[in-house]
2 protein chains.
Amino acid sequence: MTPTIKDIAKAAEVSVTTVSRALNGYTDVNEETKKKILRIADELKYSPNIAARSLIVKKTKTLGLLLSGITRSSIKDNIAFEILCGMNDRSGELDYDLVLFNTTSQKQRMKSYKSLCLERGVDGVIIMGIRLDDPYLQEIVQSSIPCVLIDIPLAEKNVGSVSTDNVSGAYQATEHLIRGGHKHIGFINGHAQAYVSIKRLEGYRLALLDHDIEYREEFIADGSFSENGGYESAIMLATKHPEITALFCASDLMAIGAIQGLKNIGKTVPENVSIVGFDNIAISGYCSPTLTTIHQNKYDMGYRAAQMLVDMLEGRQVHPHLTLPAELVERQSVRILS
Amino acid sequence: MTPTIKDIAKAAEVSVTTVSRALNGYTDVNEETKKKILRIADELKYSPNIAARSLIVKKTKTLGLLLSGITRSSIKDNIAFEILCGMNDRSGELDYDLVLFNTTSQKQRMKSYKSLCLERGVDGVIIMGIRLDDPYLQEIVQSSIPCVLIDIPLAEKNVGSVSTDNVSGAYQATEHLIRGGHKHIGFINGHAQAYVSIKRLEGYRLALLDHDIEYREEFIADGSFSENGGYESAIMLATKHPEITALFCASDLMAIGAIQGLKNIGKTVPENVSIVGFDNIAISGYCSPTLTTIHQNKYDMGYRAAQMLVDMLEGRQVHPHLTLPAELVERQSVRILS
DNA sequence: TGAAGTATCCGAAACGTTTCCGGTAACGGC
DNA sequence: GCCGTTACCGGAAACGTTTCGGATACTTCA
């Protein structure tokens with residue numbers, strides 16, 4: 001058996017109360033006895049039982065993670081991973097542990113969001129990759145469990161959000177193309193149930209507007225954020241509208257698919273059509289041609305999300321919505337016309 | 001307050017004992033009362049308190065993860081991520097949750113491995129990315145906590161391991177180069193404190209031996225598994241030994257660095273020197289030239305590791321060492337000499 | 001000398017479960 | 001009418017902590 005506080009008490013010839021107080025750094029315990037207790041605890045290799053502890057103070061020092069991106073299909077665009085790294089680093093610094101919730105399995109999917117959190121006894125939750133039409137989202141809003149959402153700004157008590165400035169990012173991407181002399185610019189978006197898609201579309205339209213270019217619905221396609229979606233959308237757009245000389249893609253993965261798609265119908269990037277992506281995933285710096293894209297600081301998103309959540313948990317004032325800057329990184333996939 | 005078993009008992013006019021038994025599917029409770037209890041539990045939105053529960057049955061249904069690869073530096077080679085995906089999927093299916101241990105922070109680093117696990121009350125642990133000279137490794141061996149190691153086969157009670165067949169992988173890589181007509185083959189390895197490095201060196205030597213090619217110590221360099229390490233090692237090897245026409249790199253990231261390094265001194269891949277990597281990370285299929293490499297089924301490693309651990313936990317017989325096959329995937333980075 | 005203050009400690013309850021041990025009632029067989 | 005069996009249920013202890021409300025003894029000051 002592993003030693004308990006009781007064993008220490010016995011060995012030190014004091015009460016469990018005193019041991020508890022000594023261990024938790026209370027003042028009203030004699031320096032001598034405190035030293036003794038600490039020494040004995042060390043000798044016995046005592047380590048506290050978190051379950052018992054959290055049974056009475058209702059805190060567990062753990063954050064729950066509801067990440068839909070931790071799955072086989074999202075290995076290439078390891079956005080979830082980068083965000084996870086940031087969260088992991090910051091929560092470690094703040095002395096919180098992270099628990100991954102399994103939302104994939106059927107069994108778990110039945111459970112309500114709230115009971116999921118309650119059972120595990122997490123203090124708060126970070127959620128990402130959730131669709132706007134996901135029933136969980138409703139629950140989250142209603143439940144009083146503190147949480148921060150990645151990429152969905154919800155105005156509710158106890159919920160915060162962090163995201164990249166998507167409209168600025170999309171604006172920069174589109175404007176970059178326009179400045180390059182492009183007038184017919186297609187847009188491969190994600191899907192309608194993603195908040196970022198809505199925002200990126202907004203940025204795209206705004207840029208067109210500001211430069212007096214007509215917005216044309218038929219220049220838009222949804223690529224569902226997948227490589228294959230980008231592939232097919234690019235082919236579709238390029239064949240239906242051969243006047244298009246540039247494509248803005250709402251994700252790098254779709255951009256990479258688009259490059260392949262275009263190649264497949266005999267068009268090369270950037271000679272025939274220019275492309276700018278979004279995300280700045282690792283691959284985009286290595287593929288051919290390397291991808292001009294909008295950089296999202298994914299690591300930072302995770303880092304700041306963790307920070308915000310524990311700020312909320314520990315009663316500090318927080319600004320509930322954090323938007324990180326997006327930044328254009330120029331590489332080889334766009335051609336500057338004359 | 002969230003409802004407890006006591007509230008249900010009161011509402012159903014039975015004892016807490018009966019409620020507990022009904023909820024846990026014991027047989028000796030009347031169908032009628034059972035139904036009633038279940039209904040009431042549902043109405044009250046009851047969800048059990050795991051802390052209280054695990055206080056008495058000493059199981060938590062959580063697995064601890066000690067992953068050194070979850071950090072900012074390892075974003076490009078997202079090997080840890082793929083493994084994590086596999087673990088996450090399988091543990092979800094088996095109804096276990098995952099908790100990420102923070103081994104990075106100083107505070108945590110002081111804690112012993114055992115107390116780390118004890119405190120969190122995890123049932124078992126999966127460990128990866130640990131160096132052979134890490135003091136934790138000693139502790140792990142000694143502690144009786146069930147664990148499975150990724151890429152380190154330790155023959156101890158309660159510890160299992162899963163890894164790729166590294167010697168076979170390295171053998172295939174080297175042989176592929178030899179079959180391609182290369183006779184002077186350099187090897188950029190990781191570092192001496194990695195088990196996989198030892199094995200990959202073994203495979204490299206074996207292949208040379210089998211094909212009557214002299215093993216030359218000076219053809220070997222350590223690139224510490226980093227892109228930059230590969231870059232510098234490649235330059236070093238190629239300038240010191242211009243007769244080298246092929247390089248086997250113990251990781252794709254180093255291989256990619258090597259390609260850059262070679263380019264920097266005016267050599268192109270594969271025209272001047274051929275390269276084969278190891279891992280088959282996402283980038284290797286997109287970089288230029290695309291990388292011939294040894295495929296590791298990272299997802300599967302995680303999947304099987306989770307499987308093995310819960311097999312151990314639930315008392316099933318397991319074979320403690322699992323080796324997954326490595327597979328050559330041919331792409332553009334090696335040139336077949338006439 | 002006595003009262004008030006201070007430093008140090010302790011007993012017991014509480015947290016939400018599970019489980020051991022036992023009890024009651026009904027029923028069938030002899 | 002008694003006994004053994006079966007079906008169902010409850011009391012209470014236990015798990016390892018924290019915390020509330022004192023209690024004791026020693027010091028200090030008037």
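Within every chain, numbering begins at 1; the chains are lettered A, B, ... in the order of the sequence lines, protein sequences first and strands thereafter.
For the pair B:E32 CD and D:dC9 P, the computed distance is 10 Å after rounding to whole Å. Atom C1' of nucleotide C:dA14 and atom CG of B:N49 are separated by 13 Å, given to the nearest angstrom. Atom P of nucleotide D:dT18 and atom CD1 of A:I50 are separated by 11 Å, given to the nearest angstrom.
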* To do: Report the C-alpha distance between A:D89 and B:R72 in whole Å, list the side-chain angles of each, state the deciding distance to 0.1 Å, and finish with yes or no for salt bridge (Lys or Arg N to Asp or Glu O under 4.0 Å).
  => CA-CA 8 Å; A:D89 281 356; B:R72 191 162 208 169; over 6 Å; no
* To do: Go through B:S74 and B:T71 one step at a time and tell me if the side chain to side chain donor-acceptor pair (under 3.5 Å) criterion holds.
  => CA-CA 6 Å; B:S74 52; B:T71 173; 5.5 Å; no
* To do: Apply the test side chain to side chain donor-acceptor pair (under 3.5 Å) to residues A:Y96 and A:D123: give CA-CA distance (whole Å), side-chain angles for both, the deciding distance (0.1 Å), then the verdict.
  => CA-CA 10 Å; A:Y96 277 75; A:D123 295 342; 4.7 Å; no
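The shortest distance between the side-chain N/O atoms of B:T33 and the OP1/OP2 oxygens of D:dC9 is below 4.0 Å.
The stretch residues 5-30 of chain B touches DNA chain C through B:I5, B:T17, B:S20, B:R21, B:N24, B:Y26, each having a heavy atom within less than 4.0 Å of the strand. Residues from residues 51-63 of chain A placing a heavy atom under 4.0 Å of any atom in DNA chain C, listed by number, are A:L55, A:I56, A:K58.
Contact record, A:I152 with A:S161: O-CB, 3.4 Å, taken as the closest heavy-atom pair. Across all non-hydrogen atoms, the minimal contact from A:I5 to A:V19 is CG1-CG1, 3.4 Å. Considering all non-hydrogen atoms of both residues, A:M312 and A:P146 come closest at CE-CB, 4.0 Å.
The only option from A:V14, A:L38, A:I40, A:D42 that meets the side chain to side chain contact (heavy atoms under 4.5 Å, CB included) definition with A:I8 turns out to be A:I40.
With rounding to the nearest 0.5 angstrom, the CG atom of B:L100 is 12.0 Å from the OG1 atom of A:T62.
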